[in-house]
Structures are given as C-alpha cells and as structure tokens.
There are 2 protein chains.
Amino acid sequence: MNRKDIPRIIISRLPVYLRTLQRLQQEGRQTISSQTLGEILGTTAAQIRKDISQFGEFGKQGTGYNIPYLVEQLQHILHLDDIWDVAVVGIGDLGHALARYQGFVDRGFRITALFDNDPEKIGRQIQGLTIEDASLIPSRIPELGIKIAMLTVPVSVAQQTADVLVRAGVRGILNYAPIHLNLPEGVCIEHIDPAIGLQRMTYYIGQRKG
Amino acid sequence: MNRKDIPRIIISRLPVYLRTLQRLQQEGRQTISSQTLGEILGTTAAQIRKDISQFGEFGKQGTGYNIPYLVEQLQHILHLDDIWDVAVVGIGDLGHALARYQGFVDRGFRITALFDNDPEKIGRQIQGLTIEDASLIPSRIPELGIKIAMLTVPVSVAQQTADVLVRAGVRGILNYAPIHLNLPEGVCIEHIDPAIGLQRMTYYIGQRKG
DNA sequence: CTTGATTTGTGATAAAGTTAACAGAAACAC
DNA sequence: GTGTTTCTGTTAACTTTATCACAAATCAAG
C-alpha cells in the first residue's frame, strides 16, 4: 500500500464518504452496504467498494460496512486522527464567516490564527481569536506549527501571500481568491470559487430566457 | 456539435480558462498560445487545445488565440451572454458574505433575492436588497424568473429547502451545506464544502507531527 | 520569396478510470 | 442443517480521458 500510487481522484472522494458516514453515525446507524451508501451519495456501489478496498478490507460480506469502524479507518487514512490547526489569511466578509464557522472541529480542523494587513482590523477579536498583522506570518506560522491556511485575500495579492505562507512552512492552501496559484511541488492547493461553480451549471441550464 | 455529447469534465474546465483569460484581457493582453496559458494554469497545452476545439476553431496557427474573441466565445458557450439572477437562501455569516461579495457581476451573475426564515433577519437590508421570508420562495422565485440559487442553510433543512427551490423553478443549486443533495434529473448541483477541500489535502500533507 | 520558428487542430495512441460480473463469506429463514 | 439472500473484494472488460505527434497555417526576418 504505497500512498503515492493511489489515484488522486479516489482520495478526493474519501472525504465525501466520510462526511456521510459521520452523519449516519450521529444518527445512530451501525452498518451500511455499499449499495445503500451509493444511493445516498448518487454514485455506484462498485465504485465505493473499489475505492475503499484500496486501503484494506473494511467490510464484511452479507453485512456491509461497520460505520464507526469505517469512519475511524477513513479518518486515519486522511490523517484526521488529530485536530489540525488552520490559519485564515484575509479577514474580509468571507474570512470573517470562516472564522466564525462552527463546523470545522467535527471534521478535524480548528482555526487558531487570523491574519490581515488592515490596521483597522488588526487587534480585533473573532470567536476569542485576535486578528494579527499579516507581516507576522513568517514568525507566527512556524511558532504555532500551522501547516494549513485558508486564503481569503484579494486576487491582487493572492500569489504573493501564498508564497509567504509557503516560505513560513504551510503545506496546504485552501484558496478562495479567484485566481490559479502556482506553488512549488509538495504544496497542496484546493480552489474554491463560487462563480466557477455557477458557470459550470449555466452550460447545462441553457439560455436564461428559454 | 451536440452539447450533450461534450464530456462534463471538459465543461468543468471552461470556466477556469475563462477566468484567466478575462484577467489577461483586463491586463491588456491581446493574444495567448495554448502553451503559455497552460503554464499559467498548471496544465498542458494539448489539453487546452483539445478542450477548446470541441466548440470550433477559435485559434490561429502561428499566433495563438485572440483573447477578447476567445473570452466572448467561452461566455457564449457557457450561456453567459446575459447576466443571471441568483437567490441566496439562508442569510447566516456565509450567506451574508455572499450577498455582499462584489465579484459576481463580472462573471455573469447578480444576486437579486435573499431569503431566510428567521423573523429577526427578515426585512433587514444587505447591499440594498431586503431579506425576504423563506416561505415566499414558491411565489417570489418564479416572479423574479430566478433559475439559480446559492444554498447556505443548515444541514438539517438543506434537502427540504432544495426541494422547495426546485419546485419553484430553480434549475441549478450551488450548495454550501455539508451534505449531498438528491435532486431530480435535469437540475444542476455543485457542492462547496471547505472541510472537504481541507481533508483532500491532509492525505498528502501527512501526519501533523512529521 | 524563401527559410525558420510558432502554433493550431486532430487522428492515433496510451493511460486512467468505471462498470460488470462473480467467487466466496456471512447472515437469515425455517 | 439446508437453502436462500445479501454483500464484499477483485479480476477482467469496457469506457473515458489525456497525451503524443504531425500536417498545415501563419508570421517574421532578410
């Protein structure tokens, strides 16, 4: 089981499985078959079985998967055994919303640092955290051992801010700026851009009047 | 050129091309080769050429692509010739941030309705728009001709709210609730979940202490 | 006008990903 | 205990997607 050999597309589906399994677990459900999980997720049983089987034999014939056990295994595979500390860089409306969002802890993440370069914002508090001067990123990120950042700065400074973060030791960036970031090998990047999502739909929805 | 025959994965890349081309256009650049665009986007020239060629011959040998012309063509392909009206449903921190975001208009979208079911919020204004009672969705959505909604409600009511929107005539939903929505054939859905993005990265980043 | 450098669009090829199908294990009904 | 049903993990077949490689078009220089 060499981690590098497992296709990226399979890895990208695991968090989706995990999210649903955690919800089912909270609802008190004990087991689930690939068939049923596929129906819930709008995918096929074969794909779910194939994906999960990349990492071991977690199911049981005739019964399906034990939900708490599979949740545990997926969390381990995705390195979610411990909580990750995350920084939010750029405290505009969106950064503010992320800082206040209560849903990260159950998923394995905790926001532990906020950065902005606006003197008006520096020093203010959100959820008990103080917004720090972005110029302190190079010292504070290593100090706090932060490896992951959410980037919610304007496009004009996104690439340079990302570069600073990477130099400070950040290994993964969730980028909300609507621009493709070029980062060195070994740094992970995920892009979130609502307009891209909307534009992917309008192709299929068709003409506005029609 | 049957639209249905073009692979979804190609469609999903077009908005990414468009976003970059629009930025280059704003910077005053006139032409670009697939090679250079590939370097900017971290992809290959061949893929860009193949993707674009699905829809016609928009480039010129020896020169590359004319940026304003290609932008226009991509906008037309994606049905972005006119501005789409969009509703935001659920005005928490995130819905609030989306309602205030200034970046949609250049990308083809305009937020024209806000809904929430909290009496405290109904009637308040954001960017000149009044938050309306979510119970009015069935009448207001058709009235305003809205076909696209951004869904930022709690998980517990996400599916039922989506169902209401679809019954009201919505054809595409950008879902921010961390749950998979099951919608009828013909309705487009895109999911945005920051925790999923983070979890896709932690697989590769590895153990927190390591 | 010719030569050399670029660059597209595309048919052929290779790689990657998905689906189908089934042996074997487990559970269940009676 | 036996027969039936359920369900996984896996191999093989199939489908989709990405890459390669090149003819033909364009441009620039002299």
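Order of the sequence lines sets the chain letters (A, B, ...), proteins ahead of strands, with each chain counted from 1.
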Atom-pair distance ([atom1] on [X]; [atom2] on [N]), nearest Å:
X	N	atom1	atom2	answer
Glu57(B)	dT7(C)	CD	P	18 Å
Gln47(A)	dT16(D)	CD	P	14 Å
Asp5(A)	dG17(C)	CG	C1'	16 Å
Ile52(A)	dT10(D)	CD1	P	13 Å
Lys50(B)	dA21(D)	NZ	P	14 Å
Gln73(A)	dT8(D)	CD	P	16 Å
Ile11(A)	dG17(C)	CD1	P	11 Å

Scanning both residues in full, the closest heavy-atom pair of Gln54(B) with Lys50(B) reads NE2-O, 3.2 Å
Which atom pair, heavy atoms only, marks the closest approach of Tyr101(A) to Pro178(B)?
OH-CG, 4.0 Å
Under 4.0 Å between a side-chain N or O of [X] and OP1 or OP2 of [N]?
X	N	result
Thr44(B)	dT19(D)	yes
Lys60(A)	dA27(C)	yes
Thr63(A)	dC7(D)	no
Tyr65(A)	dG9(D)	yes

Scan Ile9(A) against the nucleic acid and name what it touches under 4.0 Å (heavy atoms): base, sugar-phosphate only, or nothing.
sugar-phosphate
Under 4.0 Å, counting only non-hydrogen atoms across every strand here, what does Arg13(A) touch: a base, just sugar-phosphate, or nothing?
sugar-phosphate
If we ignore angles and hydrogens, is there a donor and acceptor under 3.5 Å between the side chains of Gln47(B) and Asp51(B)?
no
Checking Glu39(B) against Gln35(B): is there a side-chain donor and acceptor pair closer than 3.5 Å?
yes
Of all the choices, dT18(C), dT7(C), dG17(C), which nucleotide is nearest to the side chain of Ser33(B) once you look at every atom?
dT7(C)
Checking Gln102(A) side chain against Arg100(A) main chain: does a donor-acceptor pair fall under 3.5 Å?
yes
